[in-house]
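First up is the structure itself, then whatever we jot down about it.
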Amino acid sequence: MPICGVLGWPVRHSRSPAMHEAGYAALGLDDWRYQLLPVPPELLGETVRALPAAGFAGANVTIPHKQAALALADQATPSARAIGAANTLTFQPGGRIHADNTDAPGLIDALPRDPAGTTAVVLGAGGSARAVVWALLDAGAADVLVWNRTRARAERLCAEIGGRVVDDPPQTADLLINTTSVGLQWGEDPFKALPLDADDLRGYPCLVDLAYGSAPTGLVSAARAAGVEVVDGLEILVRQGARSFERWTGRPAPLDVLRSAARGKSAAA
Ligand code: NDP
């Protein structure tokens with residue numbers, strides 16, 4: 001029985017088990033399972049090394065383990081190395097650990113248009129921003145502008161991956177991507193913490209917000225109200241999960257099924 005799972009701390013609210021198990025059921029992969037793997041940082045190494053012998057085919061990795069997961073791997077894709085983080089581990093014969101980062105291609109999959117030649121503004125310079133900036137540049141974006149509350153962190157990101165640090169985002173760009181954790185608290189006003197206000201959103205034809213919760217984030221609601229095209233955090237989650245699903249099962253992921261499960265709807269709904 002092939003088993004996959006998601007390593008995190010905490011991880012109990014993850015939607016990945018529902019998403020992947022719905023995908024297995026839709027494809028008749030009846031003996032596949034996907035489990036929550038709540039593991040504190042000090043136990044990550046020994047847990048990951050024990051997973052192959054316990055029947056695991058692979059594991060997703062989420063906060064706070066993505067960098068440590070890359071360090072544990074015997075082999076990694078060039079993108080995971082460049083980003084400095086892994087969200088997908090695959091266990092190979094003999095228990096060797098292969099690391100990949102599907103957050104980057106997942107972002108590109110989720111975009112409504114090819115980002116080649118475009119200008120993008122990225123808010124944030126944490127772990128997910130690294131994958132976003134790398135993905136946009138790899139896909140041929142012409143200019144990637146990075147704003148972060150702590151400027152020094154944006155400078156480090158741009159020095160290592162690329163992009164340009166800005167103190168104030170330009171009034172217009174093709175894409176605005178929020179990778180900060182602003183917006184996770186229900187009812188929080190995102191515009192108090194971010195360098196723009198609701199009217200400024202009209203200067204960006206497309207907003208991507210990585211943050212997600214049980215209701216649309218304040219940024220997503222404001223963008224929709226302004227008539228801006230939106231890609232929300234759940235779509236980003238679905239797309240990175242689909243890439244992991246395909247790597248492990250060797251089958252095309254049933255995207256609509258994953259999407260419905262991630263959004264808490266039955267696949268038939
Ligand atoms: P990190 O902790 O690595 O980075 C957090 C970022 O948010 C930093 O840039 C930080 O700025 C900024 N930030 C935090 N609080 C504030 C604030 N009050 N005002 C302004 N900036 C703030 O987190 P990650 O990059 O891993 O994750 C960021 C978000 O993306 C989370 O909401 C996470 O849930 C989401 N995410 C969603 C995914 C998906 O599949 N949809 C995948 C991965 C992440 P500073 O450097 O100044 O502290």
Side-chain angles (χ1 to χ4, degrees), residues 6-20 41 60-70 80 83-88 100-111 121-135 145-158 160-161 163 165-169 176-197 207-220 230-245 258-259 261-263:
V6 54
L7 293 152
W9 188 255
V11 74
R12 65 183 175 283
H13 298 302
S14 170
R15 305 198 183 188
S16 292
M19 203 166 74
H20 285 260
N60 283 127
V61 184
T62 187
I63 289 174
H65 299 317
K66 289 185 184 182
Q67 280 170 294
L70 176 65
I83 293 162
N87 76 327
T88 303
D100 195 2
N101 189 308
T102 67
D103 286 329
L107 168 81
I108 303 300
D109 292 344
L111 295 179
V121 174
V122 176
L123 305 175
S128 57
R130 294 178 66 90
V132 164
V133 172
W134 186 89
L145 308 172
V146 181
W147 173 91
N148 195 47
R149 175 179 63 176
T150 310
R151 193 181 202 276
R153 205 171 176 193
E155 284 168 359
R156 222 166 27 244
L157 185 158
C158 293
E160 289 174 16
I161 294 181
V165 182
V166 289
D167 291 321
D168 292 302
L176 176 65
I177 306 189
N178 176 41
T179 75
T180 73
S181 35
V182 171
L184 286 180
Q185 308 296 326
W186 192 83
E188 178 187 6
D189 178 0
F191 302 107
K192 283 193 177 149
L194 299 177
L196 71 183
D197 60 33
L207 166 83
V208 180
D209 192 358
L210 263 61
Y212 64 86
S214 44
T217 63
L219 208 50
V220 163
V230 167
V231 177
D232 70 5
L234 281 171
E235 182 64 14
I236 301 291
L237 180 80
V238 166
R239 296 302 191 131
Q240 62 76 34
R243 291 274 185 155
S244 303
F245 184 101
L258 266 56
R259 207 173 267 135
R263 292 184 188 277

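In each ligand, atom 1 is the first atom listed, and ligand 1 is the first ligand listed.
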Note, [X] side chain near [Y] side chain (heavy atom, < 4.5 Å):
X: Arg259; Y: Arg239; answer: yes
X: Val132; Y: Leu210; answer: yes
X: Arg15; Y: Leu237; answer: yes
X: Pro169; Y: Leu145; answer: no
X: Leu107; Y: Ile236; answer: yes
X: Val220; Y: Tyr212; answer: no
X: Asp232; Y: Thr217; answer: no

For [atom], what's the nearest protein heavy atom and its distance?
atom: atom 27 (O) of ligand 1; value: Ser128 OG, 3.5 Å
atom: atom 18 (N) of ligand 1; value: Arg149 NH1, 3.3 Å
atom: atom 4 (O) of ligand 1; value: Gly126 CA, 3.4 Å
atom: atom 34 (O) of ligand 1; value: Leu184 CD1, 4.3 Å
atom: atom 8 (C) of ligand 1; value: Arg153 NH1, 3.5 Å
atom: atom 33 (C) of ligand 1; value: Ile63 CD1, 4.6 Å
atom: atom 11 (O) of ligand 1; value: Asn148 OD1, 3.3 Å
atom: atom 6 (C) of ligand 1; value: Thr180 CA, 3.9 Å

Heavy-atom pair of closest approach, residues Trp147 and Ala193: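 Result for this residue pair: CH2-O, 3.7 Å.
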Is [atom] less than 4.0 angstrom from at least one protein heavy atom?
atom: atom 23 (O) of ligand 1; value: no
atom: atom 2 (O) of ligand 1; value: no
atom: atom 16 (C) of ligand 1; value: yes

Could you verify whether a donor N or O on one side chain and an acceptor N or O on the other, from Asn60 and Ser244, lie under 3.5 Å apart?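 Yes, because at least one side-chain N or O of Asn60 sits under 3.5 Å from a partner of the opposite role on Ser244.
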Donor-acceptor pair, distance only, cut-off 3.5 Å: does the side chain of Asn148 make one with the backbone of Ala125?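 Yes; at least one donor-acceptor contact below 3.5 Å.
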Is there a donor-acceptor pair under 3.5 Å between the side chain of Thr179 and the backbone N or O of Leu123?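 Yes, because the side chain of Thr179 sits within donor-acceptor range (under 3.5 Å) of the backbone of Leu123.
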Is there a polar contact, in the sense of an N or O pair closer than 3.5 Å, between [X] and ligand 1?
X: Lys66; answer: no
X: Ser181; answer: yes
X: Gly233; answer: yes
X: Ala125; answer: yes
X: Tyr212; answer: no
X: Thr150; answer: yes

Side chain, backbone, both or neither: which part of Leu210 has a heavy atom under 4.0 Å from ligand 1?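 Both backbone and side chain of Leu210 come within 4.0 Å of ligand 1.
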Does only the side chain of Thr179 get under 4.0 Å from ligand 1, or the backbone, or both, or neither? Count heavy atoms.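 The part of Thr179 near ligand 1 is the backbone, not the side chain.
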For Glu155, I'd like to know if atom CD has over 12 heavy atoms of other residues, nucleotides or ligands within 6.0 Å.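 Yes - once you tally the heavy atoms of other residues, nucleotides and ligands closer than 6.0 Å, there are more than 12.
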With atoms numbered from 1 as shown, which atoms in ligand 1 lie under 4.0 angstrom from a non-hydrogen atom of [X]?
X: Gly127; answer: 3 (O), 25 (O)
X: Gly124; answer: 9 (O)
X: Val182; answer: 16 (C), 17 (C), 18 (N), 19 (N), 20 (C), 21 (N), 22 (C)
X: Ala193; answer: 19 (N), 20 (C)
X: Leu237; answer: 40 (O), 41 (N)

Any salt bridge between Lys66 and Asp103, counting N to O under 4.0 Å?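 Asp103 and Lys66: salt-bridged.
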Measuring from Thr102:OG1 to Asp109:CG, what's the distance to the nearest 0.5 Å?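 Thr102 OG1 to Asp109 CG: 9.5 Å, rounded to 0.5 Å.
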